[in-house]
2 protein chains.
Amino acid sequence: MTVKERRLREKAELRQEILDAARELFVREGYENFSMRKLAEKIEYSPTTIYLYFKDKADLLFNLCEETFSKLVQQLETIASLATDPLDGLRAGMLAYVEFGVKHPANYLVTFVLPHPIGTPDSERYLCPTGMGLRAFDCLRQAVAECVRAGKFRSLDLEKASQAIWAVLHGVTSLLVVHPDFPWVDRNDLVDQVIETTIEGLKA
Amino acid sequence: MTVKERRLREKAELRQEILDAARELFVREGYENFSMRKLAEKIEYSPTTIYLYFKDKADLLFNLCEETFSKLVQQLETIASLATDPLDGLRAGMLAYVEFGVKHPANYLVTFVLPHPIGTPDSERYLCPTGMGLRAFDCLRQAVAECVRAGKFRSLDLEKASQAIWAVLHGVTSLLVVHPDFPWVDRNDLVDQVIETTIEGLKA
DNA sequence: CTGATATACTTAACATCGTTATGCGAATGC
DNA sequence: GCATTCGCATAACGATGTTAAGTATATCAG
């Protein structure tokens, strides 16, 4: 059976090669200049070959983002584990989220900003069920819970508060990513203002 | 000169007809299924005719959104004029913004969510210089200023606080619009949580 | 070793998109 | 009445995502 294993391994290798090339192209050319055909040219295969490894463009990008966001989750989870004060932990996590989005704009765009064609089975796949997005959100929920338990926050509907915080973070992040030319005040100041205002608004 | 006037009027009429048809198609089919060719078919003209009235697709959509957002500005300005308590005025304005976005998802998408091709002269045209977006933002800034002046809010960097509030509002709105299938808590509760948290966080 | 089958990939094509160059007929101005 | 301008259309270009059909090559059974 060693032959079958080799085949599988080779298939997995090409798949990863495609993903790597896609990421390269994607962050370099930006979202709107990414195309399956350019990707095919880059890896020196026919465009149709990609479809032997990914269902379609959306599937490819989805897998790409899962990879990227696993890094975010990793960051968030280490932050959570290292935090002594629950409030500081939450704050650090919030900051990490925004900075991650600003640092990987193209990736942030696909997973959170761009409207995925609705009505298709795809809409389910994003954000919701399994995946890194869920784990990231769990980090947030847990951080909020600890703030409540420590008496730093008033008694809150955990889910509601967590979603609200996420919304707030997504607001700054997406605006900065999508409209970088808007006459923003200093970026760090703005992010800080948003985070501190939100935290202040949730305190006991 | 009455003949020239008629020509001009006819030209303006067709232009408006195009805009109306575009809006219809746009909100019915959604953003991603809107195309110049479908629009052309709908108005029963050749696709190229549209380009005699609008520079390109982005220009068309921009004008569409200006129309739509003038309604938002109108709402915001009446709210501002009617408000007795500055805090209530701000609150009402914030709520109106979110509800407007949720009610006109397609329009909200083009103006605020979708990344406009950067590097082009277009990027300047959006949000920034003239236009309804600016007027809407002025409403916000003024409302914040009044809250500060009335002593409801602590002393704030007006611009920074206003941008933060906008970011927060955009966060909820865009998430609700882009990811309607996410297992949100009750929509009104979420919006309320975001708004109240933010207001609370800015108080004196 | 030979013939059948499955595998990996390509070529060609379809439908659609935004946009431009060219052309044509009719209304306008002199 | 003639030249011109104006409004619009036809045709085309280049690009997109995606599918159908085909072609080698590698694997496997006898």
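Everything numeric in this text was worked out from a predicted model, so none of it was measured. Lettering follows sequence order; numbering is per chain, from 1.
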Rounded interatomic separation in angstrom, taking NZ from B:Lys57 and P from C:dT19: 8 Å
Are the aromatic ring centres of A:Tyr53 and A:Tyr45 under 6.0 angstrom apart? no
Is the distance between the ring centroids of B:Phe112 and B:Phe69 under 6.0 Å? yes
From the list C:dA8, D:dT19, C:dG18, which nucleotide is the closest neighbour of the side chain of A:Lys11? C:dA8
Rounding to an integer number of Å, can you tell me how far B:Asn33 CG sits from C:dT16 C1'? 12 Å
Distance in angstrom units between A:Phe54 CZ and D:dG17 P, rounded: 15 Å
Whole-Å distance between D:dC8 P and B:Arg15 CZ? 14 Å
Distance check: side-chain N/O of B:Tyr53 vs OP1/OP2 of D:dG7, anything under 4.0 Å? no
Whole angstrom value for the distance that separates P of D:dT16 from CG of A:Asp56: 17 Å
Is a donor from one side chain sitting under 3.5 angstrom from an acceptor on the other, for A:Arg23 and A:Thr68? yes
Expressed in angstrom and rounded to an integer, what is the separation of A:Leu52 atom CG from C:dT7 atom P? 12 Å
Could you check whether any side-chain heavy atom of A:Val98 comes within less than 4.5 Å of a side-chain heavy atom of A:Val194, counting everything from C-beta outward? no
Please tell me whether B:His170 and B:Tyr108 form a close aromatic pair, meaning their ring centres lie under 6.0 Å apart. yes
Can you tell me the distance, in whole Å, between the CD atom of B:Glu32 and the P atom of C:dG18? 13 Å
Are a donor atom and an acceptor atom from the side chains of A:Gln193 and A:Asp189 found within less than 3.5 Å of each other? no
Positions of residues 42-50 of chain B (non-hydrogen atom under 4.0 Å from DNA chain C), listed by number: B:Thr48
When rounded to whole Å, the CG to C1' distance for the pair A:Leu39 and D:dT18 reads 15 Å
